[in-house]
Amino acid sequence: MTIALIDYGAGNLYSVHNALKAAGATDIAVTADPEAVLNADRVVLPGVGAFGACAAGLRNIAGMVEALNTRVRTQGAPFLGVCVGMQLMGDAGEEMGTHPGLGWIPGTVRAIAPAPGVHVPHMGWNDVIPASPHPLIEPGEAYFLHSFAFTGEDVIATTDHGGPVTAAIGRDNMIGVQFHPEKSQRYGIALVERFLQWRP
């Protein structure tokens with residue numbers, strides 16, 4: 001089983017690679033090659049940093065967005081987006097201007113509003129609360145680090161940070177998590193294990 005781990009300068013690439021290995025993946029292609037994506041059994045999109053910079057980095061790889069659309073949307077390969085990789089599944093992000101996402105799940109990534117007792121960025125361990133049944137999401141604690149959050153459709157888990165904040169989104173063969181599985185110890189590795197076994 002080949003895992004295409006997309007290399008577009010996203011920052012948390014090798015920590016996600018290590019989490020995949022810890023979960024039992026043996027054939028991981030760290031790649032910026034659209035052909036490798038088209039031939040992969042599963043696709044993982046990592047990401048840290050600003051939404052616009054990540055979106056631009058992805059689009060600057062000739063043919064990559066088209067390959068992702070073909071392999072994930074058309075052919076149904078299981079897909080996991082992590083942190084900004086999850087946010088990019090939405091329509092747009094509003095960090096330092098408005099930037100288009102992949103448009104896979106309707107929604108917009110907006111700044112978390114500061115409030116009394118609500119620190120931004122949202123950083124540290126927090127509960128993952130399933131919003132609807134999903135084979136990959138279980139209740140538990142995960143590690144978050146973000147200042148912007150997804151608001152839209154297909155929210156399958158939330159966390160509480162001055163009110164509900166999206167922790168995971170999912171539709172069909174696609175899932176994205178706002179938290180960092182690679183920093184979430186046993187909870188995170190168990191989620192990656194379920195992703196590797198997932199047959200959507």
Walk me through it: do L45 and L58 pass the test side chain to side chain contact (heavy atoms under 4.5 Å, CB included)?
-> CA-CA 10 Å; L45 183 66; L58 199 59; 3.9 Å; yes
M1 CE: over 12 foreign heavy atoms closer than 6.0 Å = yes
Step by step, would you call E193 with R186 a salt bridge (charged side-chain N to carboxylate O under 4.0 Å, His left out)?
-> CA-CA 10 Å; E193 288 172 348; R186 185 60 205 155; 3.0 Å; yes
Between the main-chain N or O of A77 and the side-chain N or O of N173, is there a donor-acceptor pair closer than 3.5 Å?
-> yes
Under 3.5 Å: donor-acceptor pair, side chain of H161, backbone of H119 | yes
Going by the salt bridge (Lys or Arg N to Asp or Glu O under 4.0 Å) test, which pairs reach into residues 127-152, not counting sequence neighbours?
-> E138-R194
So which pairs with a foot in residues 72-95 pass salt bridge (Lys or Arg N to Asp or Glu O under 4.0 Å), sequence neighbours left out?
-> E94-R110
Has the side chain of Q87 got a donor or acceptor atom that lies under 3.5 Å from a matching backbone atom of F148?
-> yes
R59 side chain reached by P100 side chain, heavy atoms, under 4.5 Å | yes
Distance in Å, L68 CG paired with M174 CE, rounded so as to fall on 0.5 Å steps | 11.5 Å
Check: L196 and I3 side chains under 4.5 Å, non-hydrogen atoms = yes
Distance from L80 atom CG to F195 atom CZ, nearest 0.5 Å?
-> 5.0 Å
Any side-chain heavy atom of K183 within less than 4.5 Å of one from F144?
-> no
Verdict with supporting geometry, N69 and W104, side-chain hydrogen bond (donor to acceptor under 3.5 Å, both in side chains) | CA-CA 9 Å; N69 279 317; W104 290 357; 2.8 Å; yes
Indicate the atoms forming the closest heavy-atom contact of N12 with E182, along with that distance.
-> ND2-OE2, 3.4 Å
Mind checking whether I112 and S147 have side chains closer than 4.5 Å, heavy atoms only?
-> no
Which heavy atom in A40 sits nearest to a heavy atom in A4, and how many Å separate them?
-> CB-CB, 3.5 Å
Identify the two heavy atoms, one from V118 and one from G162, that lie closest to each other, and give their separation to 0.1 Å.
-> CG2-CA, 3.5 Å
To the nearest 0.5 angstrom, please state how far the SG atom of C54 sits from the OH atom of Y8.
-> 4.0 Å
Connected via hydrophobic side-chain network under 4.5 Å: L191 and L5 = yes
Might you work through the side chain to side chain contact (heavy atoms under 4.5 Å, CB included) test for H180 and V48, ending with a clear yes or no?
-> CA-CA 10 Å; H180 287 272; V48 294; 3.5 Å; yes
Determine whether V128 and V177 fall in the same hydrophobic cluster, where Ile, Leu, Val, Met, Phe, Trp and Tyr are linked whenever their side-chain heavy atoms lie under 4.5 Å apart.
-> yes
Aromatic rings H146 and H122: how do their planes relate, parallel, tilted or perpendicular, breaks at 30° and 60°?
-> perpendicular
Report all side-chain donor-acceptor pairs from residues 19-37 shorter than 3.5 Å, counting only partners two or more places apart or in another chain.
unit_1, atom_1, unit_2, atom_2, d
D27, OD2, T2, OG1, 3.2
T31, OG1, D33, N, 2.9
D33, OD1, E35, N, 2.9

Side-chain heavy atoms under 4.5 angstrom apart, residues restricted to Ile, Leu, Val, Met, Phe, Trp, Tyr: same cluster for F179 and I189?
-> no
Verdict with reasoning, T151 to T166, per side chain to side chain contact (heavy atoms under 4.5 Å, CB included) | CA-CA 7 Å; T151 302; T166 298; 5.7 Å; no
Could you state whether W198 and Y187 fall into the same hydrophobic cluster, counting links through intermediate Ile, Leu, Val, Met, Phe, Trp or Tyr residues with side-chain heavy atoms under 4.5 angstrom apart?
-> yes
At what distance, to the nearest 0.5 angstrom, does CG of L102 lie from CG of L88?
-> 6.0 Å
Under 4.5 Å between side-chain heavy atoms, hopping through other hydrophobics if needed: is there a path connecting I137 to F79?
-> no
Assess whether side chain to side chain contact (heavy atoms under 4.5 Å, CB included) is satisfied between I6 and V44, documenting all intermediate values.
-> CA-CA 6 Å; I6 310 300; V44 178; over 6 Å; no
Separation of D160 CG from N126 CG (nearest 0.5 Å) = 6.5 Å
Heavy-atom closest pair (Q75 atom, R71 atom, distance to 0.1 Å) is OE1-NH1, 3.0 Å
Starting at SG of C83, measure out to OH of Y143 and round the result to the nearest 0.5 Å.
-> 10.5 Å
